[in-house]
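Below: one structure, written as structure tokens.
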Amino acid sequence: MASRLVALGDSTVEGLEDPGPDGAYVGWADRFAGRLAAERPDLLYANLAVRGQTAREVRETQLDQALALEPDLALAVAGVNDLLRPRLDRTGLRESLHTIYRSLREHGAEVLTFTMPDMTRVAPLAIALRPRITFLNSVIREAGATYGVTVVDLAAEPVAGHPAMWHDDRLHANSEGHRRIAAALAEAVGLTVEDWRSTPDEPAPVGRARIVAGELVWVGGHLAPWLWGRVRKRDFESGESCKRPDLTPMAAPGAEA
């Protein structure tokens, strides 16, 4: 079982929209580390993820740091921010992801990642991104087959696209979503977990007017800024630093917080 765990990627790896008791973000990577630490108390864990980064930025700014930490298990998830850019560089995205996965594997790390679910039930307007998500998932699966990366295929699990798993911004999982992703990853490495695939309770039906109102709120708060950035040809800003740059002990308590 792994003793040196390193996570790299973007905001979902950092843990956005999964606040802990102190207000700091937890996220599925930390939760997974907590589960692993329950079986391996001497586990050392680093989280190099930086919100807003594209796959290329993860490759350029996080990969060497991750390799220097000599992980025996790496969590690597990137590419969603590429999908949100005005123009998707499919060749660049594929090359960056392949470089990340290949380099980690060549340095002796087992690599764990996952595909992205269809978000149209969460955000009907996200249907415009479906071809891009399909492409990203094809690259992830291809890398899994090519380099021996363990791929948890969330895209094939209906629960992954359930609205109860997602924050109001429809870009990040909420705490329940992060908890279930951590459980899925833990299952993939052989840990005993609860039934993370169970279907959440369905929300109470709402009228068409409330649905439309909700879509308008989302468009104004989240989609419109993206469209404005596209018109102005401006990139999204990324964060500046990661939350856990060094390998340090990971306490098991709190994995289910």
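The chain is numbered in sequence order, starting from 1.
- A donor-acceptor contact shorter than 3.5 Å is absent between the side chain of Asp118 and the backbone of Gly161.
- Between the CZ atom in Phe32 and the CG atom in Leu75 there is a gap of 5.5 Å [rounded to 0.5 Å].
- When atom types are taken as modelled, the side chain of Asn47 and the backbone of Val13 share a donor-acceptor pair closer than 3.5 angstrom.
- Rounded to the nearest 0.5 angstrom, Ile100 CD1 and Leu67 CG are separated by 10.0 Å.
- Panel note: side chain Ser198, backbone Asp195; a donor-acceptor pair is recorded below 3.5 Å.
- The existence of a salt bridge linking Arg102 and Glu142 is excluded, since no basic side-chain nitrogen approaches an acidic carboxylate oxygen closer than 4.0 Å.
- The pair Arg197-Glu187 meets the salt-bridge criterion, with a side-chain N (NZ, NE, NH1 or NH2) lying under 4.0 Å from an Asp/Glu carboxylate O.
- Atom CG in Leu63 sits 10.0 Å away from atom CG in Leu48 (nearest 0.5 Å).
- Of the possible polar contacts, one joining the Thr113 side chain to the Ala76 backbone as a donor-acceptor pair under 3.5 Å is found.
- A salt bridge is absent between Asp30 and Arg244: the closest approach of a Lys/Arg side-chain nitrogen to an acidic carboxylate oxygen does not fall below 4.0 angstrom.
- Note that Arg90 lies in the cation-pi zone of Phe135, set by a 6.0 Å cut-off to the ring centre and a 45° limit from the axis.
- In terms of modelled atom types and a separation under 3.5 Å, the side chain of Lys243 and the main chain of Ala46 share no donor-acceptor contact.
- No donor-acceptor pair closer than 3.5 Å links the side chain of Asp153 to the backbone N or O of Thr115.
- Met165 pairs in a side chain to side chain contact (heavy atoms under 4.5 Å, CB included) with only one of the listed residues (Glu176, Arg179, His178), which is Glu176.
- Within the structure, the salt bridge (Lys or Arg N to Asp or Glu O under 4.0 Å) test picks out the following pairs touching residues 58-81 (sequence neighbours left out): Arg56-Glu60.
- Listed for the Trp28 side chain is a donor-acceptor partner under 3.5 Å among the backbone atoms of Thr12.
- Using modelled atom types, one finds no donor on one side chain facing an acceptor on the other under 3.5 Å when comparing Glu17 with His172.
- For the residue pair Gln53 / Thr61, a side-chain donor-acceptor distance below 3.5 Å is found, with atom types taken as modelled.
- Under the 3.5 Å distance criterion, the side-chain polar atoms of Arg51 are left unmatched by any main-chain donor or acceptor of Ser241.
- For the atom pair CE of Met119 and CD1 of Ile127, the computed distance is 13.5 Å after rounding to the nearest 0.5 Å.
- Residues Ser175 and Pro19 are in side-chain contact: their nearest non-hydrogen atoms beyond the backbone lie under 4.5 Å apart.
- Neither side chain, Thr54 nor Asn81, offers a donor N or O lying under 3.5 Å from an acceptor on the other.
- Put simply, the side chain of Val6 does not reach to within 4.5 Å of the side chain of Leu73, judged on heavy atoms.
- No donor-acceptor pair closer than 3.5 Å links the side chain of Arg94 to the backbone N or O of Val139.
- Distance CE/Met116 to CD1/Ile133: 9.0 Å, rounded to 0.5 Å.
- Residues Leu136 and Arg132 are not in side-chain contact: their nearest non-hydrogen atoms beyond the backbone lie 4.5 Å or more apart.
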> Would Asp42 and Arg40 count as a salt bridge (Lys or Arg N to Asp or Glu O under 4.0 Å) if you check the C-alpha gap in whole Å, the side-chain angles of each, and the deciding distance to 0.1 Å?
Replying inline: CA-CA 6 Å; Asp42 62 342; Arg40 181 80 187 241; 2.5 Å; yes
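- Distance check: Asp82 CG to Leu93 CG gives 4.5 Å after rounding to the nearest 0.5 Å.
- Counting only N and O atoms by type, the side chains of Glu57 and Gln62 include no donor and acceptor under 3.5 Å apart.
- Under the 4.5 Å side-chain heavy-atom criterion for grouping Ile, Leu, Val, Met, Phe, Trp and Tyr, Tyr25 is not connected to Val58 through any hydrophobic cluster.
- Side-chain N or O atoms of Arg105 include one that pairs as donor or acceptor with a backbone N or O of Tyr147 at under 3.5 Å.
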